[in-house]
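Notes follow once the structure below has been shown.
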Amino acid sequence: MHNLTLIKGDGIGPEISDSVLKIIKASGVEINWDIQTAGADVINQEGVPLPKRVTESVKKNKIALKSPVTTPIGKGFRSVNVQLRKELDLYANLRPCYNLPGVKTRYENVDIVVVRENTEDLYAGIERQVDENTAESIKRITREASLRIAEFAFNYAIKNNRKLVHAVTKANICKLSDGLFLNCAREIAQKYPQIEFKEILVDNCCMQLVQNPNQFDVLLLPNLYGDIVSDLCAGLIGGLGVAQGANIGNEYAVFEPVHGSAPDIAGQNKANPTAMLMSAIEMLNHIGEKNAAERIKNALFKTLESGIKTADLGGTATCSDFTEAIISCL
Ligand code: ATP
């Protein structure tokens, strides 16, 4: 029996969480879920979107599965996602992007892993209103955080039989901040001569990704570019509905889809639970339930191949139809 935390989120969060929980239960893995709510609805009752009980639960269980939580644009509370990553020191954001069977995309054989630094850069939230008409955001990059994310990327490459790491920056313009990130990547690259190391500017990288994604293997990026480029990579493999993710630190790990809470389709039984399910599959691998992870993945792939798909992938299945189809494949 595993003790794990589930953060239910808002928007489509509850629907896709229920779907994934049902599928995991059907696989026979025994999990004692500590279900925690966070996000917009919690603010009314508890005053904050990320109450202490949520981080305490993750600290106790070490591993969490998380569905999206809305980040209001402009004023309001600090992003729950950013806060959680900071408080648990989940410094590495890992987003593997590969083609799924039955999901038609422009390119075949895309297999890219985005490794995004998760704790600093423009996401550190250091902003100030200079005067009525001027605002500033500080792009903070440190040697310590850059070295450890580079180490994570190369270590991941070795463990997962990857051959090439690209450091993606804008070091020609942000000479000090991105320059530091790049220098740290160069330093770590020297320790891993068996992995090829290349450098690319983020704008060129975006163009190359949409023209020839097969040239890329592992991408190593500071926080903001990592956020943007991983959505681009999600687009290469069928969109946000299928893009998985994980936030990993030395002590804790939180597995969550790349997408947001999709308020435009919330509560309509239209959401695609694939991204959340793929994240859960990685979580099962992480806790050693490799057999169940494999069986769920096969059931998901069979379902997609058979043409049962949600609307975002051009299908007509509802979230619950899709869930039931996966369960019957299991
Ligand atoms: P955030 O800033 O919180 O990451 P976002 O601006 O990236 O959010 P999303 O909430 O991810 O926005 O949604 C972007 C678009 O993708 C929306 O049209 C949404 O409906 C769609 N979308 C996202 N996730 C899913 C999903 N699981 N199934 C179907 N459509 C989705």
Side-chain angles (χ1 to χ4, degrees), residues 7-23 38-43 49-50 65-85 90 93-95 97 100 102-105 114 116 118 121-123 125 137 221 223-247 254-282 300 303-304 308-323 325-326:
I7 303 172
K8 251 196 167 173
D10 49 35
I12 58 170
E15 301 162 54
I16 58 173
S17 301
D18 290 348
S19 157
V20 169
L21 251 50
K22 267 192 189 167
I23 296 167
D41 299 344
V42 171
I43 299 177
L50 183 68
L65 180 63
K66 175 180 165 296
S67 74
V69 176
T70 311
T71 300
I73 296 177
K75 38 186 165 301
F77 290 94
R78 197 168 168 208
S79 157
V80 167
N81 306 320
V82 174
Q83 205 183 331
L84 197 64
R85 291 168 192 172
L90 304 169
N93 189 281
L94 186 65
R95 296 179 166 182
C97 290
L100 302 182
V103 179
K104 203 171 164 303
T105 54
V114 177
R116 164 186 171 192
N118 224 2
D121 193 2
L122 283 163
Y123 273 71
S137 300
L221 312 96
N223 208 338
L224 181 64
Y225 309 143
D227 183 34
I228 298 165
V229 170
S230 55
D231 268 29
L232 192 162
C233 291
L236 293 172
I237 58 159
L240 286 171
V242 298
Q244 60 170 310
N247 300 291
V254 176
F255 294 80
E256 65 175 340
V258 167
H259 62 73
S261 58
D264 52 335
I265 55 163
Q268 298 170 36
N269 202 11
K270 280 187 186 163
N272 185 354
T274 302
M276 175 96 171
L277 187 58
M278 293 283 290
S279 310
I281 290 169
E282 276 317 305
L300 168 68
T303 305
L304 288 169
I308 302 175
K309 285 179 236 177
T310 45
D312 57 308
L313 298 179
T316 54
T318 61
C319 179
S320 22
D321 293 338
F322 188 64
T323 307
I326 295 170

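Atoms within each ligand, like the ligands themselves, are counted from 1 in listed order. These values consider heavy atoms only, across backbone and side chains, with no hydrogens, waters or symmetry-generated copies. Source: prediction; values computed, not measured.
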Note to self: One pair to check against salt bridge (charged side-chain N to carboxylate O under 4.0 Å, His left out): Lys8 and Asp18. What are the steps and the verdict?
What the structure shows: CA-CA 9 Å; Lys8 251 196 167 173; Asp18 290 348; 3.3 Å; yes

Check: Under 3.5 Å, N or O to N or O, is Asp264 touching ligand 1 that way?
Finding: yes

Margin query: Let's go through Ile237 and Leu100 carefully: what are the C-alpha distance in whole Å and the side-chain angles of both, what is the deciding distance for side chain to side chain contact (heavy atoms under 4.5 Å, CB included) to 0.1 Å, and is it a yes or a no?
Written below: CA-CA 7 Å; Ile237 58 159; Leu100 302 182; 5.7 Å; no

Check: Lys66 versus Leu84: any side-chain heavy-atom pair under 4.5 Å?
Finding: yes

Margin query: Using a 4.0 Å cut-off to any heavy atom of Asn272, which atoms of ligand 1 qualify?
Written below: 26 (C), 27 (N), 28 (N), 29 (C)

Note to self: Quick test of your reading of the structure: of Gly260, Ala311, Ala275, whose heavy atom lies closest to atom 12 (O) of ligand 1?
What the structure shows: Gly260

Notebook entry, point to check: Under a heavy-atom criterion of less than 4.0 Å, does Ser261 contact ligand 1?
Noted result: yes

Check: How does Ile16 reach ligand 1, if at all, at less than 4.0 Å between non-hydrogen atoms: by side chain, backbone, both, or neither?
Finding: neither

Check: Which residues pass the side-chain contact (heavy atoms from CB on, under 4.5 Å) test with Ala271, sequence neighbours left out?
Finding: Ile12, Glu15, Ile16, Ile265

Margin query: Minimum distance, heavy atoms only, to atom 31 (C) of ligand 1: which one of Val80, Asp231, Ile265 is it?
Written below: Ile265

Note to self: Please list, in number order, the atoms of ligand 1 under 4.0 Å from a heavy atom of Leu240.
What the structure shows: 11 (O), 14 (C), 16 (O)

Note to self: With a 4.5 Å cut-off on side-chain heavy atoms, are Thr310 and Lys270 touching?
What the structure shows: no

Margin query: Tell me which one of Asn223, Asn93, Asp121 satisfies side-chain hydrogen bond (donor to acceptor under 3.5 Å, both in side chains) with Arg116.
Written below: Asn223

Note to self: Using a 3.5 Å cut-off on N or O atoms only, is Pro263 in polar contact with ligand 1?
What the structure shows: no

Check: How about Lys22 and Ile326: do any of their side-chain heavy atoms sit closer than 4.5 Å?
Finding: no

Margin query: Is there a polar contact between ligand 1 and His259, counting only N or O atoms under 3.5 Å apart?
Written below: yes

